Amino acid sequence: MTFAPTPAAVICEITALGPFFALHTHAPDARPVEPWVPMSRRFIEDRVSAVRSRLAAAGGQPLDAVEVRVAASVTHLGLAARLLSPALAAFVLHGRLLAFGFPDVHWQPVLGGPIPLSVPGTAVSAGSVPPEELTTFLDRPLGELAAAIRPFSLSPHILQGNIASALNGAATMIAAARPELAERTRTAVALLLDSPPLRGSATTTANGAFRRRSCCLIYRAAPGHKGSLCGDCVLHRDAGSARSR
C-alpha cells in the first residue's frame with residue numbers, strides 16, 4: 001500500500017529543492033517573533049525603499065537616480081518568486097495545494113539572496129487537488145501582493161509579466177533539480193499561463209525560449225538607464241522600442 005506523505009513531509013521535500021523553495025512554518029494564529037515580520041503594506045514599503053537604496057549603491061548613484069517604480073518592480077518580482085516557487089513545487093511533487101493568504105505570511109527582511117519565508121503549518125492541503133485549483137494561488141496571495149505593490153505606479157502588464165517570469169524561473173529550477181518532474185512541471189506552468197490572470201503575459205520564441213511580454217524595468221536602475229536585460233525580457237525581441245516600457 002502506498003501512503004500519501006504528510007504535509008510536513010511535503011514541506012521538507014519542497015525545501016530540499018533549493019533556497020527559493022525553502023519553507024519555514026508557524027502556527028496559524030502565531031504572532032511573529034523577530035527576526036520574522038508579518039507581510040503587510042508597511043513591509044512592502046520598507047522593502048521597496050531598501051531595494052531602491054541597494055540598487056542605487058550597486059550603480060554608484062545617488063538614491064534619486066533610481067526610480068521608485070523600478071525598485072517596486074524588482075521587489076515584486078523577488079517576492080512573487082518566493083511565494084510561487086514552493087507552491088508550484090507542492091503541486092508538481094504531490095498534487096498538493098499550498099493555500100494561504102497575504103496576511104498569513106511571515107518574512108525575514110534580509111537583502112541579498114532568497115528572502116526567508118514562513119507559512120502556516122496548515123498551508124499544505126492534506127490530499128491532492130485537481131490541476132485547475134492551482135490557479136487559485138494567482139488570486140491569493142499573489143493577487144494580494146499585486147494589489148499591495150500597485151500604488152507604486154506599476155501597471156498590471158508589468159505585474160503579470162513579473163509573475164510569469166517568476167513562474168518560469170521556478171519551473172526551470174524544479175526541472176534542473178528533479179528532471180523526472182520536468183514534463184509535469186511544464187504542464188502545470190502551461191495551465192497557469194493560460195489562466196485569465198496571466199493569459200497573454202508570456203510567449204515562446206521560435207527557438208522554444210520563454211519570453212515575457214513586458215519588462216521588469218531593472219535595466220533602468222543602471223547609470224543612464226543602460227543596464228543589461230534579463231534573459232526573458234520582451235526588449236530582446238524589440239530593441240527599437242526598448243527603453244519606453
Side-chain angles (χ1 to χ4, degrees), residues 5-54 71-94 96-126 129 133-152 154 159 162-163 165-167 169-170 173-174 177 192 197:
T6 65
V10 172
I11 287 177
C12 286
E13 195 171 354
I14 293 170
T15 297
L17 291 171
F20 269 97
F21 299 87
L23 285 178
H24 297 265
T25 59
H26 57 265
D29 58 350
R31 296 181 62 84
V33 176
E34 291 187 356
W36 294 103
V37 296
M39 175 56 80
S40 63
R41 290 186 182 274
R42 174 61 184 272
F43 172 86
I44 295 291
E45 292 170 358
D46 290 347
R47 185 77 180 174
V48 170
S49 178
V51 168
R52 188 184 185 204
S53 295
R54 187 180 181 90
S73 180
V74 173
T75 298
H76 175 257
L77 179 55
L79 295 180
R82 276 302 279 128
L83 291 169
L84 187 53
S85 295
L88 180 63
F91 182 78
V92 300
L93 282 167
H94 296 291
R96 303 295 184 88
L97 184 65
L98 191 59
F100 54 87
F102 192 67
D104 301 323
V105 180
H106 295 177
W107 308 82
Q108 290 183 21
V110 299
L111 286 173
I115 185 171
L117 169 65
S118 182
V119 299
T122 55
V124 179
S125 64
V129 300
E133 287 199 29
L134 181 60
T135 63
T136 62
F137 199 81
L138 298 177
D139 296 320
R140 188 176 188 256
L142 288 179
E144 295 166 310
L145 173 62
I149 207 82
R150 197 166 289 132
F152 291 96
L154 289 176
L159 297 177
N162 284 350
I163 294 172
S165 183
L167 178 62
M173 287 187 284
I174 292 172
L192 289 169

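Worth knowing before you read on, the calculation uses all heavy atoms, side chains too, and leaves out hydrogens, waters and symmetry mates. Here the structure is a predicted model, which is why all the values come from computation and not from measurement.
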Taking side chain as C-beta onward, heavy atoms only, is [X] less than 4.5 Å from [Y]?
X	Y	value
V10	P5	yes
I115	R47	yes
L88	L167	yes
R150	L159	yes
V48	I149	yes

Taking all non-hydrogen atoms of both residues, which atom of [X] and which atom of [Y] are closest, and how far apart?
X	Y	result
A81	P86	O-CD, 4.4 Å
P38	H106	CA-CD2, 4.1 Å
G121	T25	CA-CB, 4.0 Å
M173	S85	CE-OG, 4.4 Å
F102	A148	CZ-CB, 3.9 Å
L97	E133	CD1-O, 3.6 Å

Are the side chain of [X] and the backbone N or O of [Y] linked by a donor-acceptor pair below 3.5 Å?
X	Y	value
Q108	P116	no
S49	E45	no
S125	R96	no

Problem - side chain to side chain contact (heavy atoms under 4.5 Å, CB included), paired with M39, selected from V105, D104, L83, L117 - result: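 For M39, the side chain to side chain contact (heavy atoms under 4.5 Å, CB included) test succeeds with only one of V105, D104, L83, L117, which is V105.
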Practice task
Just say parallel, tilted or perpendicular for the rings of W36 and H24, cut-offs at 30° and 60°.
Solution key: perpendicular
Handout entry: F100 and F137 aromatic ring geometry - parallel, tilted or perpendicular at 30°/60° bounds
Key =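 Ring orientation, 0 to 90° scale: perpendicular.
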Nearest-0.5 Å distance that lies between atom [atom1] in [X] and atom [atom2] in [Y]:
X	Y	atom1	atom2	answer
T75	D46	OG1	CG	11.0 Å
L145	L138	CG	CG	12.0 Å
E13	L23	CD	CG	12.5 Å
W107	L79	CH2	CG	4.5 Å
I163	L192	CD1	CG	10.5 Å

